[in-house]
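Worksheet: one structure, shown below.
The basis for the numbers below is simple: all heavy atoms, side chains too, and nothing from hydrogens, waters or symmetry mates.
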Amino acid sequence: MSRFSLEELNPEQRNAVQTIDKPLLLLAGAGSGKTRVITYRIAHLISNQQVAPFRILALTFTNKAAKEMRERVHSMLKNQTKGIMITTFHSLCVRFLREFIHLLGYQKDFVIFDTTSQLSTIKTIYEDEDIDPKTFNLKATFYEIMKMKGKGKGPEYFLDQKNDPFAQVTGKVFDEYNKTLKGCNALDFEDILYLTIELFKKFPEETEVLKKRFEYIMVDEYQDTNRVQYNLVKYLTENSRKLCVVGDDDQSIYGWRGADIRNILDFQKDFPEAEIIKLEQNYRSTSVILNAANEVIANNTARMPKNLWTNSNEGELIRWINEDNVMEELEEVVSRMNHHKYTTGDSWSNFAFLYRSNFQSRAVEEQLRNLGIPYQLIGGTKFFDRKEIQDCLAYMKFMHNLKDEVSLFRIVNYPKRDLGKTTVMALTQARISRNLSLFEMMEQADELEELKPRAKKSIKAFVDLVHEFREKLESNPFNRVFQELFERVGIKAEIEKAEKVDQVREIKINNYLEFINTLYLYEERRVVEGNGATLIDFLDYVSLFTDTDELDQNSGKVSLLTVHSAKGLEFDYVAVVGLTEGQFPNHKAVEEDSVEEERRLFYVALTRAKKVLSLSMARSRMHYGEWMYTEPSRFLSEIDKSLFDKSPIEPEDPDVAEMKSASARSDFFSRYKKF
C-alpha cells in the first residue's frame with residue numbers, strides 16, 4: 001500500500017496531522033483549513049499508520065459538515081474507508097442508545113420528539129395542571145428546561161429555588177414533561193446526549209465496550225460543545241487519550257444554548273500532556289477582511305491569542321452603507337450587489353445576506369422579491385416543521401411506536417373520522433383508571449358503555465387500520481407502505497378541502513408530494529451507501545435534520561440567514577445588514593454583559609466573506625410602531641478606518657443632533673414623508 005502524501009499541507013497542518021499519540025488541541029482560525037486537516041489526519045492514520053478504519057471516530061455538529069467530511073475521506077482513500085465513523089454527536093448517541101437504552105427503562109424503538117411535539121407536550125401539561133400561560137410564558141418555560149438539560153441538570157435545579165414562583169412552575173412542568181416523554185417511550189434532542197451520559201455513569205461495566213470501540217477520536221468545532229458533550233468526550237477517551245479537538249475560541253457563539261467556552265480554554269487542565277498547534281494561515285478571505293476581523297476580535301479578553309494572515313491579495317475595501325431608513329439601506333446594498341453580479345458574471349449562489357436576528361429577514365425578502373432576485377431563506381420554517389409534513393410524520397411515528405400519544409392525539413381525528421374531543425376525552429379518562437395506554441384503551445373500546453355505537457365503530461376502524469399497516473411494514477418497504485396509508489386516509493384530499501386560498505393550497509399539496517418523493521429518495525440514497533432503509537432510520541434522520549441541511553450552495557439564489565446559521569459557511573460576497581447598537585450587539589446581550597460573545601458573532605460574520613464584504617445600517621428604524629434614531633454598532637469603531645471605502649464613524653452633524661431632540665423629531669419626520 002503506497003503512503004499517503006502530506007506535501008500539500010503547510011507546516012502547521014502537517015504537524016497536526018502527524019501528532020497522533022497524545023491529546024492535541026488544534027486552534028484553527030476561520031478559513032484555516034481545519035476540515036482538510038481532519039480528513040488528512042484520518043487518511044494518514046489509515047494509509048500511513050495502518051490503523052483499522054473502525055477504530056477512528058470523527059465528531060462534528062451538523063449533518064452537512066459530517067457529509068462533507070465523509071465525502072472528502074472517501075475521495076482520498078477510495079475503498080479503504082469501510083467502518084470509519086464520521087458523524088454528529090447526536091447521531092452517535094442515538095446509535096449507542098439503540099443498543100443500551102433498555103438499561104434506563106426505555107424500549108429500543110424510542111422515537112425522538114421534535115420541537116413541535118415538545119411544545120405540544122408542555123401545552124398539555126399546562127392544561128392538566130391548570131397553569132396560566134399568560135402568567136408563566138409557555139415558550140419561556142420550554143427554553144429554560146432545554147437550557148438546563150443542555151447543562152446536564154434536572155427539575156431539582158428549579159424546584160430548589162423555593163422563593164421563585166416561575167422556577168417552581170418550571171420545575172414542576174419539567175418533572176411532568178420527563179415523565180410524559182418516558183411514558184411515550186420518547187426522547188427529545190437534549191435527552192439524546194443526557195441519557196447517553198447517564199448510561200456511562202450508571203452502567204460502567206455494560207458500557208465499557210463503548211469506551212474501547214474507538215482508539216482515535218477527533219472532535220470538530222470543539223468550542224461549541226456543552227458540558228454534556230464535554231463529559232461524553234471524556235468518557236470515550238478515558239482509555240486511549242488519543243484525542244484531537246479542533247476549534248476556535250474566537251468563534252464560540254452558542255453560549256445562549258449551553259455551549260461552554262471553558263471546554264476549549266481549559267483543555268490543558270483536563271489533558272496536561274496535550275500539545276497545542278495554531279492554524280493561522282487563512283485560505284478564504286482577502287487581507288482587508290482578515291485585518292478587520294483581527295482588529296475586532298482583539299478586543300475580547302477571554303481568548304487564546306492568534307492572528308489570521310493570508311497570502312491572498314489585499315482585496316477590495318469594505319463597503320460601508322449608511323442610509324436614512326431600512327428600506328433605503330437595503331436598496332443600496334442590493335444595488336451594489338446587482339452591479340457586482342453583472343460586472344463579474346457571478347452566480348447569485350455566491351451572495352449572502354447575514355443579519356443578527358430572524359425578524360430582519362422580512363425587509364430583505366421584500367426588497368429581493370420586488371426586484372425579482374431569487375433567494376433562499378435559511379432558518380425559517382423548516383420543511384419537516386410544516387403542518388402538512390408534521391401530519392404525515394405523526395402517522396409514521398405512531399405506526400413505529402404505539403406509545404407515542406403525542407402523535408396519536410395529532411392523527412386520531414385527522415383527517416376527520418368521527419373521533420372528536422368528547423370521544424377522546426372519554427377514552428383518556430377510562431385508560432387512566434385502567435392504567436392502559438390510550439391505544440390499548442382504543443383496542444378495548446367496545447367495553448365502554450359511555451361511548452356511542454357510532455364512536456365505537458370509528459374507533460374500531462382506526463384500530464384495524466393501524467394493525468393492518470403495521471403488519472404491512474413487517475414485509476414491505478416503508479416508503480410504499482406510507483404512500484398507500486396517506487392515500488387511504490386521504491391526506492391530500494383533506495388539504496384540498498381545508499385550504500380555501502388557491503396559492504396556499506397549491507403550496508401545501510406540493511409540500512406533501514415532495515415529502516412522498518423524500519421517502520423514495522431516502523431509500524435510494526441508503527441503498528447507494530450500502531445500507532437498508534428502515535422506518536426508524538428515516539425518523540432519526542428527520543429528527544436530527546438542521547437548518548443548514550436545507551442550504552443549497554449551488555441553487556443560483558442569494559442566501560438569507562442569521563450569523564448563527566452561517567457558521568461554517570463561506571460566500572464570495574457577504575452583506576451584513578442592520579449594524580446598529582441594540583441590534584448588533586443585541587440589546588439583551590449588552591444588558592447581560594455578554595458583549596464578548598456578540599463580538600465573536602460579529603467576527604464570524606466578517607470571516608464568512610471571501611472577496612467582498614459589505615457592512616450597513618439605517619440611521620432610523622421602526623420600533624413598536626414608532627420611529628427611533630439609531631447609533632452605529634460599537635464594533636464598527638474597532639475596525640481601522642483605512643479598511644473602509646468611507647469612514648463608518650463620523651462626527652455628528654449639529655443639525656442632526658438637534659433633530660434628535662424630542663421637540664424637533666415630529667418636524668424631522670414630516671419632511672421625510674417616505675418614512
Side-chain angles (χ1 to χ4, degrees), residues 25-32 34 61 220-227 230 245-269 276-282 284-285 287-310 318 354-357 562-568 574 576 578-609 613 615 631-641 643-644 648-649:
L25 169 58
L26 186 59
L27 281 176
S32 61
K34 65 182 179 62
F61 277 82
D220 192 15
E221 305 288 7
Y222 190 66
Q223 77 282 346
D224 293 336
T225 53
N226 60 28
R227 295 310 279 182
Y230 157 83
V245 299
V246 185
D248 180 7
D249 53 313
D250 290 336
Q251 296 185 70
S252 179
I253 60 174
Y254 295 112
W256 53 276
R257 71 179 187 196
D260 196 331
I261 195 171
R262 291 177 302 163
N263 295 351
I264 194 166
L265 296 178
D266 296 344
F267 185 75
Q268 284 182 294
K269 291 182 181 178
I276 296 180
I277 298 174
K278 295 181 182 181
L279 299 185
E280 297 174 298
Q281 183 174 358
N282 179 282
R284 176 188 298 158
S285 307
S287 60
V288 164
I289 295 169
L290 290 184
N291 289 339
N294 285 331
E295 289 180 352
V296 168
I297 203 63
N299 290 278
N300 272 6
T301 56
R303 65 185 295 259
M304 304 176 82
K306 68 189 77 65
N307 197 60
L308 296 183
W309 61 276
T310 181
I318 298 170
L354 304 186
Y355 33 81
R356 173 62 181 83
S357 303
T562 64
V563 183
H564 282 103
S565 294
K567 176 90 181 316
V574 169
V576 188
L579 288 172
T580 60
E581 278 293 305
Q583 196 157 261
F584 204 166
N586 177 278
H587 70 90
K588 186 177 180 183
V590 174
E591 290 173 0
E592 296 177 355
D593 198 25
S594 300
V595 172
E596 291 216 348
E597 178 152 327
E598 288 289 295
R599 186 175 284 110
R600 292 194 291 268
L601 190 61
F602 186 57
Y603 172 82
V604 167
L606 299 180
T607 54
R608 298 313 93 197
L613 176 63
L615 305 179
E631 298 292 340
S633 167
R634 68 187 69 189
F635 302 142
L636 295 167
S637 64
E638 297 171 356
I639 303 173
D640 193 285
K641 292 181 180 180
L643 298 176
F644 288 93
I649 308 294

Lys NZ or Arg CZ of Arg600 over Tyr603 ring: under 6.0 Å, within 45°:
no
From CG (Asp249) to NZ (Lys306), nearest 0.5 Å
3.5 Å
Do side-chain atoms of Asp266 reach the backbone of Lys269 as a donor and acceptor pair under 3.5 angstrom?
no
Taken in chain and number order and not counting sequence neighbours, the residues that satisfy side-chain hydrogen bond (donor to acceptor under 3.5 Å, both in side chains) with Lys34 are Asp220, Glu221
Does the Thr225 side chain pair with the main chain of Tyr222, one donor and one acceptor, at a distance under 3.5 Å?
yes
Point-to-point distance, once rounded to the nearest 0.5 Å, from CZ of Arg284 to OG of Ser32:
8.5 Å
Counting only heavy atoms not in Asp593, do more than 12 sit closer than 6.0 Å to its CG atom?
no
Quick one: does Asn294's side chain have a donor or acceptor within less than 3.5 Å of a partner on Leu308's backbone?
yes
Which distance, rounded to the nearest 0.5 Å, do you find between the CG of Asp250 and the OG1 of Thr607?
9.5 Å
Please report the shortest heavy-atom distance between Val563 and Leu601, naming the atom on each side.
CG1-O, 3.3 Å
salt_bridge(Glu598, Arg356) N-O dist < 4.0 Å:
yes
When rounded to the nearest 0.5 angstrom, what distance separates CD in Glu592 from NE2 in His587?
9.5 Å
